[in-house]
Amino acid sequence: MSSHQISVTINGEQHTREVEARLLLVHFIREELGLTGTHIGCDTTSCGACTVLLNGAPAKSCTVFAVAADGAEVTTVEGLGNGGLHPVQQGFTEKHGLQCGFCTPGMMLTSKALLDENPDPSEAEIRWGISGNLCRCTGYVNIVKAVQRASELMKENSDG
Amino acid sequence: MAECRGLGHSVQRKEDARFIRGQGRYIDDIKLPGMLYLDIARSPYAHAKITKIHEDTAMAVDGVAAVITGKTLEGFKLAWMPTLMSDQQMVLPVDTVKYQAQEVAAIVATSRYAAADGAAALEVDYDPLPVVVDPHEALKPGATKVRDDKESNHIFHWEHGDADGTEAALAGCDTVVEQKMHLPRIHVASIETCGCVASWNPVEGHLTLYLTTQAPHAIRTVVALVTAHLGLAEHKIRVISPDIGGGFGGKVPVYPGYVLATAASVVTGKPVKWIEDRSENLQADSFARDYHITAKLGSKNGKVTALKLDTVADHGYSDAAANPSKFPAGLYHIATGSYDLENAHVSVDGVYTNKPPGGIAYRCSFRVTEAVHAIERMVDLLARENGEDPADFRLRNFIKPEQFPYQSALGWEYDSGNYGAALEKAMDMIGYQDLRAEQAEKRARGELMGIGISSFTEIVGAGPSKTFDILGIKMFDSAEIRIHPTGKAIARFGTKSQGQGHETTYAQIIAEELGIPPEDIQVEEGDTDTAPYGLGTYASRSTPTAGAAASIASRKIREKGRKIAAHLLEADEADLVWEQGKFYVKGSPDRAKTIQDIAFAAYTNHPQGMEAGLEAISYYDPPNLTFPFGSYICCVDIDRGTGLVKIRRFVAVDDCGVRINPMIVDGQIHGGLTMGIAPALLEEISYDADGNITGGNLMEYLVPTAMETPHWELGETVTPSPHHPIGAKGVGESATVGAPPAVVNAVVDALWHLGVRHMEIPMTPARVWNVLNEHGAAATR
């Protein structure tokens, strides 16, 4: 099995490692770097529990080789708050947008990317935006509310 | 004093702080020094003789440390293990596989990837055998026998109620409807799959098992019983259930992977981790439902009179359901539902087939969804046969509020209810009469719109010790509360949250009883070394059992607190009045001691002759089950070109008794409704005639996304349980139980004028389009 040296910036910190060519980005993040907030929920790129931001765009890290992220900037849930709480994290807490918490990191990162692109999404746009992430607990209603609340908070922050 | 925020407050969840930061600790996050990884090689055949396992082909893979087969386990008498239903299932086969994806061998390696490589490399020779997939075929004489150790494929016959009386009553009815229906195999598909880390310490003879389990204490006892001959003992077994990424019943059973990881840790002397893939989870873990029901319901002069259900239950190759031991078909005999009827009989015949074992719940109290589906479909049919609107027919036939406690024909004593109020509220919220008018207009234009009702009665909170046990262990649950000197507390429970928010809800119950704010109460569950014994979290039992224990333990603490307060206030105990958070002297509200004052005194200034400390434990044996209920109304539009069913509106009025945290209750109902429409519209684990699974991954097994899920509209009524200390009933599963027939009734309603009388589930676009086409109603262009 060939190995390659890669350098990936995760949550602002650069990590250089020798990895197997077949190592998945999600395992690089979880096993090599010990950032266990990124979860694995399936083997068909269906559930989105492993979603991270790859150069700002949501990516299912179970279907990205670590070597393909060489030179990239990755954001995981651990890098979301930057010390405090990101408005998305605040929104999910306030609106009860999570129950077991397993889909939550991926769901929040997808939501952040959605709001970065569309700061004031409609309910239909939010539902479409998060439709690549499965949640078995919440029935999505409160996730939609959480994203709406995050949108409000982001506007308040930029106004203030 | 801080507001204590007990019952009725939407307190933000304590557990969220770690979850939103990615700091939850789930099973796959646990990494122990020197840990090995286990993967499982699985059978490509549904039924086959294993002629040879070439262990060397896996051992040749870099990093592979051991291969475990059925023969290895047979040497330790561990090739088979008992199920909770007194059947047995294989950990690994010694000679024959019984379903596709069955475990064949375990490969232990130094990394996750090496273990997977070893499983892929393992060569196994099979001799395929005839397969039986259909349970009706399996019951015929001469059918392929699934189990070599059994006489036939018939597992059990169970029946309940008055068979002759019901037949006679049906014969005397003026209107009888009959319908066959199949509730297909489905899977809970919690987003976190199952897994474990087993860590055997040979020096101390101690086993630590980190496990995705909803019932850690019961698992510890089972492990102790099945490994006693190997020298393990219960005080040397510690089961830790970490944060659980959804359970829904799928994390109650013991899976072969758990046993294999344990055996591998004993063999290698190192910690061993096993985490299943999603496809393994869907293909091999316990399934739910798979009931083939023939239902008859009759009425006389418009009054529902008699119900008969005959059922064939497909259990796969082993009865690995997780029911209370005395109930092979769970609480299926709640089937008379919300209706006042005098004659009922239900029967279930369990059958072996070449499919995975199971028969567990899918976010439902034992087999209640099957019962509710049957009665709610049949009541709808009977209403129409009587020429009456299904809502009016229900309202007339409901058990009336003044009839509670109500003795059902099948032997349950319903604790409390007001079914008419819930249905009327739902009709009000959705604008039932307006929708009916709109439907008539649309029908005239050729558009397909339907309105469906489900007025369910649940049965949860198992259960009273006189009838409820699992393998002999009574189904109580527990709470242990310790108040620290500074008035803060720690409370531990025999249950285990999988997302339900126990850390918050339980703290609120204690807050209500003792006046200590929820944020001052640390709630812990899931570690058998520290938590009191309990049977765990499933079947919506946590609030009815452990929640009640929290109340009772709190009240014991309060009574000791009264003695301490009397000592501190130099007053007579009888003169003290409790007001949330403090005792004061009757008539002198200023002469008071808070619970915090009392806690401090319990350790610093307690009365002579009294033991120091302030703590209590309760093992709560519920006097009865609780009976949550509700009425759901679903409005659908059906696309005649594609057969797609779109849920336009869905109103859910739930009555779960007293609500502890309304925000959490609503969240439970949202999630339950989503897992209710899922089997109605999308989900099914299906097999072809050779026993090949045709829905075994998340690309084929369609879990609802935010796009298929409607915007739920919730309403509530509150009818407290008269026997629960705070009047709560439990709510985690009501919506999953109640929702499916509302959707089916809506679709049948939309198609009724075409001559459609029933729809099987899931009502996929293809299935609906075929029905439209058969009735000449599919749009072609």
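In the text below, chain A, chain B and the rest are named by the order of the sequence lines, each starting its count at 1. Only this structure's heavy atoms are used, side chains among them; waters, hydrogens and symmetry mates stay out.
Looking at A:R149, its side chain never comes within 3.5 Å of a backbone N or O of A:G91 through a donor-acceptor pair. At least one donor-acceptor pair under 3.5 Å links the side chain of B:Q214 to the backbone N or O of B:G249. Side chain of A:S151 to main chain of A:P119: a donor-acceptor pair is present (N/O by atom type, distance under 3.5 Å, no hydrogens or angles). A donor-acceptor distance shorter than 3.5 angstrom exists from the side chain of B:R13 to the backbone of A:Q99, with no hydrogens or angles considered. Under a 3.5 Å cut-off, the side chain of B:E15 and the backbone N or O of B:E503 do form a donor-acceptor pair.
Side-chain atoms of B:N661 and B:T504 include no donor-acceptor pair closer than 3.5 Å. With no hydrogens or angles considered, no side-chain donor-acceptor pair links B:T694 and B:E700 at under 3.5 Å. Side-chain atoms of B:T495 and B:Y506 include a donor-acceptor pair closer than 3.5 Å. Counted by atom type alone, B:T709 and B:T674 present zero donor-acceptor pairs between their side chains at under 3.5 Å.
Only the side chain of B:D117 has a heavy atom closer than 4.5 Å to any heavy atom of chain A. For B:Y26, the part lying near chain A is the side chain, with the backbone staying farther off; criterion is any non-hydrogen pair under 4.5 Å. Looking at A:R22, the atoms closer than 4.5 Å to chain B (heavy atoms on both sides) sit in the backbone and in the side chain alike. Only the side chain of A:E123 has a heavy atom closer than 4.5 Å to any heavy atom of chain B. For B:R112, the part lying near chain A is the side chain, with the backbone staying farther off; criterion is any non-hydrogen pair under 4.5 Å. Neither the backbone nor the side chain of A:L109 comes within contact range of chain B, judged by heavy atoms closer than 4.5 Å. The parts of B:D277 that come within reach of chain A are both its backbone and its side chain, each placing non-hydrogen atoms under 4.5 angstrom from that chain. For B:P710, the part lying under 4.5 angstrom from a heavy atom of chain A is the backbone only. If you measure heavy-atom distances from B:Q668 to chain A, the contacts under 4.5 Å come from both the backbone and the side chain. Residue B:A17: no heavy atom, backbone or side chain, is found under 4.5 Å from chain A. Proximity to chain A (any heavy atom under 4.5 Å) is shown, for B:R25, by neither the backbone nor the side chain. Heavy atoms of B:T705 lying under 4.5 Å from chain A belong to its backbone as well as its side chain. Heavy atoms of A:T138 lying under 4.5 Å from chain B belong exclusively to its backbone. In this structure, chain A has heavy atoms under 4.5 Å from both the backbone and the side chain of B:R21. Proximity to chain B is limited to the side chain of A:Y140, based on heavy atoms less than 4.5 angstrom apart.
Salt bridge B:D666/B:R659: present, at least one basic N to carboxylate O contact under 4.0 Å.
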For this session: Show your working on side chain to side chain contact (heavy atoms under 4.5 Å, CB included) between B:S734 and B:I669 and close with a plain yes or no.
Result: CA-CA 7 Å; B:S734 287; B:I669 294 167; over 6 Å; no

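Ranked by heavy-atom pairs shorter than 4.5 Å toward chain A, the options B:N697, B:D62, B:I664, B:L673 are led by B:I664. Listed options B:Q498, B:M675, B:K31, B:E280 were ranked by heavy-atom pairs under 4.5 angstrom with chain A; first place goes to B:M675. Listed options B:G671, B:G22, B:A706 were ranked by heavy-atom pairs under 4.5 angstrom with chain A; first place goes to B:A706. Of all the listed residues (B:M707, B:Q500, B:R363), the one sharing the greatest number of non-hydrogen pairs under 4.5 Å with chain A is B:M707. Contact count against chain B (heavy-atom pairs under 4.5 Å) is highest for A:N142 among A:N142, A:T104, A:I143. Per-residue heavy-atom pair counts under 4.5 Å with chain B were compared for A:G139, A:G129, A:C100, and the maximum is reached by A:C100. Note on A:G37, A:S46, A:G97: by heavy-atom pairs under 4.5 Å with chain B, the leading option is A:S46. Per-residue counts of heavy-atom pairs under 4.5 Å with chain A were compared for B:S279, B:G246, B:G24; the largest is that of B:S279. If you tally non-hydrogen atom pairs under 4.5 Å between each of A:G132, A:C103, A:G101 and chain B, the highest count goes to A:G101. The choice from B:G501, B:P704, B:S190 that makes the most heavy-atom pairs within less than 4.5 Å of chain A is B:P704.
Here the side chains of A:E32 and A:H15 are not in contact, with every heavy-atom distance at 4.5 Å or above. In this structure the side chain of B:D28 never reaches within 4.5 angstrom of the side chain of A:H39, judged on heavy atoms. The shortest side-chain heavy-atom distance between A:P121 and A:L115 falls under the 4.5 Å cut-off.
Listed here is the closest heavy atom pair of B:P33 and B:P271: O-CG, 3.7 Å. Among all heavy-atom pairs drawn from A:A113 and A:G56, the shortest one is CB-O, 4.1 Å. In terms of heavy atoms, B:H187 sits closest to B:E683 at O-OE1, 3.9 Å.
Residues of residues 58-87 of chain A having a heavy atom under 4.5 Å from any heavy atom of chain B, listed by number: A:V77, A:E78, A:L85.
Heavy atoms of other residues, nucleotides or ligands lying less than 6.0 angstrom from CD of A:E117 number 12 at most.
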